[in-house]
Amino acid sequence: MNEIVLIQSSLNPKSKTAIVLNEVKKKLEEKGAKTFLLDLRDYEIPFCDGRKFEEYPSHLQDIKSILDNAHAFVIGFPVYLYTFSGVLKNFLDIFSSAFHQKVCAIVANAGGSNSYLASRDLMNAMSFEEGTLFIQPTVYTYSKHFSEGKITDEYVFKKIDQMIERLIKVSNYKLPVPAEH
Ligand SMILES: Cc1cc2nc3c(=O)[nH]c(=O)nc-3n(C[C@H](O)[C@H](O)[C@H](O)COP(=O)(O)O)c2cc1C
């Protein structure tokens with residue numbers, strides 16, 4: 001139970017959400033945290049149809065055990081129609097119970113500057129359903145923060161640092177103690 005699991009839920013091969021989550025992962029690892037990136041582009045996940053969880057394909061059990069063993073989460077999503085994407089909604093329809101009473105940070109990536117309340121929809125749904133505790137700040141990025149597939153705005157790095165610091169603190173994640181010289 002000592003991994004921070006990052007969920008990347010854009011299916012775009014050139015996803016900017018993925019760029020930000022990879023940066024979050026890198027920064028967590030620099031601090032000594034153990035991480036696992038669950039990139040939904042790498043998994044076939046069927047639509048939720050209300051069947052029992054055990055009746056889904058067996059690789060979903062593997063995903064469930066990764067989630068169940070997570071200490072805390074970072075959920076990354078592309079903003080679609082002012083909210084979180086349908087891909088993430090379907091993922092949570094199937095796996096929401098793995099987020100029960102856990103601590104979670106959010107990365108939301110949009111095309112423009114005005115859709116920042118998209119994360120509120122995620123917070124509302126998961127707080128009511130599973131008691132998931134969301135920390136702030138949310139990292140909200142959009143097209144202006146990137147150039148040629150890279151983050152180019154210092155603001156994003158600063159927000160990532162603040163988010164990580166808060167996630168580690170609130171989830172009581174035990175970072176390794178640096179050796180004394
Ligand atoms: C169906 C669809 C709906 C979108 N809706 C919004 C929106 O409401 N607000 C916004 O700022 N950008 C919107 N966008 C732009 C995406 O958020 C943007 O392309 C972003 O980079 C997606 O993240 P990704 O690169 O990780 O896939 C939309 C894009 C698509 C394809």
Side-chain angles (χ1 to χ4, degrees), residues 3-30 33 35-49 59-60 63 66-67 70 72-96 98-99 102-129 132 134-167:
E3 275 181 343
I4 297 183
V5 174
L6 300 98
I7 297 152
Q8 196 299 102
S9 65
S10 169
L11 301 187
N12 188 329
K14 294 186 176 167
S15 165
K16 296 192 178 88
T17 309
I19 294 168
V20 182
L21 277 190
N22 275 307
E23 183 64 27
V24 174
K25 180 173 158 58
K26 194 180 96 189
K27 281 180 176 266
L28 280 166
E29 287 172 357
E30 281 168 5
T35 66
F36 186 90
L37 178 63
L38 194 69
D39 190 325
L40 300 193
R41 293 175 297 189
D42 299 335
Y43 299 87
E44 285 284 328
I45 299 178
F47 277 121
C48 176
D49 57 9
H59 69 279
L60 268 66
I63 297 174
I66 292 167
L67 299 174
F73 297 100
V74 181
I75 297 181
F77 64 82
V79 175
Y80 286 173
L81 299 179
Y82 298 98
T83 187
F84 61 97
S85 64
V87 170
L88 178 59
K89 178 66 165 64
N90 186 59
F91 180 83
L92 294 172
D93 288 342
I94 295 176
F95 294 110
S96 66
F99 295 81
K102 293 234 178 123
V103 180
C104 189
I106 297 177
V107 168
N109 178 65
S113 61
N114 292 334
S115 297
Y116 46 87
L117 286 180
S119 57
R120 184 173 65 179
D121 295 334
L122 176 62
M123 290 191 268
N124 276 351
M126 293 304 289
S127 305
F128 276 107
E129 182 66 13
T132 311
F134 288 91
I135 60 97
Q136 293 296 343
T138 288
V139 175
Y140 178 82
T141 52
Y142 63 99
S143 52
K144 166 190 124 157
H145 297 136
F146 303 88
S147 175
E148 295 175 0
K150 291 202 168 78
I151 301 166
T152 48
D153 196 321
E154 269 311 307
Y155 167 86
V156 178
F157 296 114
K158 201 174 98 194
K159 280 288 157 199
I160 291 174
D161 286 341
Q162 291 171 353
M163 181 187 77
I164 285 176
E165 192 184 317
R166 198 77 195 133
L167 182 66

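Both ligands and their constituent atoms are indexed starting at 1 by order of listing. Nothing here was measured: the structure is a model prediction, and the numbers come from that model.
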Numbering the atoms of ligand 1 from 1, which are under 4.0 Å from a heavy atom of [X]?
| X | value |
| --- | --- |
| T17 | 23 (O), 24 (P), 26 (O) |
| A110 | 10 (C), 11 (O), 17 (O), 18 (C), 20 (C) |
| L81 | 3 (C), 4 (C), 5 (N), 6 (C), 7 (C), 8 (O) |
| N12 | 27 (O) |
| G112 | 10 (C), 11 (O) |

_Ignoring hydrogens, what is the shortest heavy-atom contact between V5 and A70? Give both atom names and the distance._
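Residues V5 and A70, closest heavy atoms: CG2-CB, 3.4 Å.
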[atom] [closest protein heavy-atom partner, distance rounded to 0.1 Å]:
| atom | answer |
| --- | --- |
| atom 9 (N) of ligand 1 | S115 OG, 2.8 Å |
| atom 8 (O) of ligand 1 | Y82 N, 2.8 Å |
| atom 22 (C) of ligand 1 | P78 CB, 3.5 Å |
| atom 17 (O) of ligand 1 | V79 O, 2.7 Å |
| atom 2 (C) of ligand 1 | Y80 CD2, 3.5 Å |

*May I ask which of G111, S85, G86, S10 has a heavy atom nearer to atom 12 (N) of ligand 1 than the others do?*
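Ranked by closest heavy atom to atom 12 (N) of ligand 1, first place is G111.
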*Option nearest atom 21 (O) of ligand 1 (shortest heavy-atom distance, choices T141, L11, N114, N109)*: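 Among T141, L11, N114, N109, the closest heavy atom to atom 21 (O) of ligand 1 comes from N109.
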*Under the side chain to side chain donor-acceptor pair (under 3.5 Å) rule, what do T132 and K102 come out as? Steps first, then yes or no, please.*
CA-CA 5 Å; T132 311; K102 293 234 178 123; over 6 Å; no
*asked:* Under 4.0 Å and counting heavy atoms only, is there anything from the protein next to atom 24 (P) of ligand 1?
replied: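 So atom 24 (P) of ligand 1 has protein heavy-atom neighbours under 4.0 Å.
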*Might you work through the salt bridge (Lys or Arg N to Asp or Glu O under 4.0 Å) test for E29 and K25, ending with a clear yes or no?*
CA-CA 6 Å; E29 287 172 357; K25 180 173 158 58; 2.8 Å; yes
*asked:* Tell me if the aromatic rings of H145 and Y155 count as close, with their centers under 6.0 Å from one another.
replied: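 Yes, ring centres under 6.0 Å apart.
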*4.5 Å side-chain heavy-atom contact, S15 and R41*: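 Answer yes - side chains close enough.
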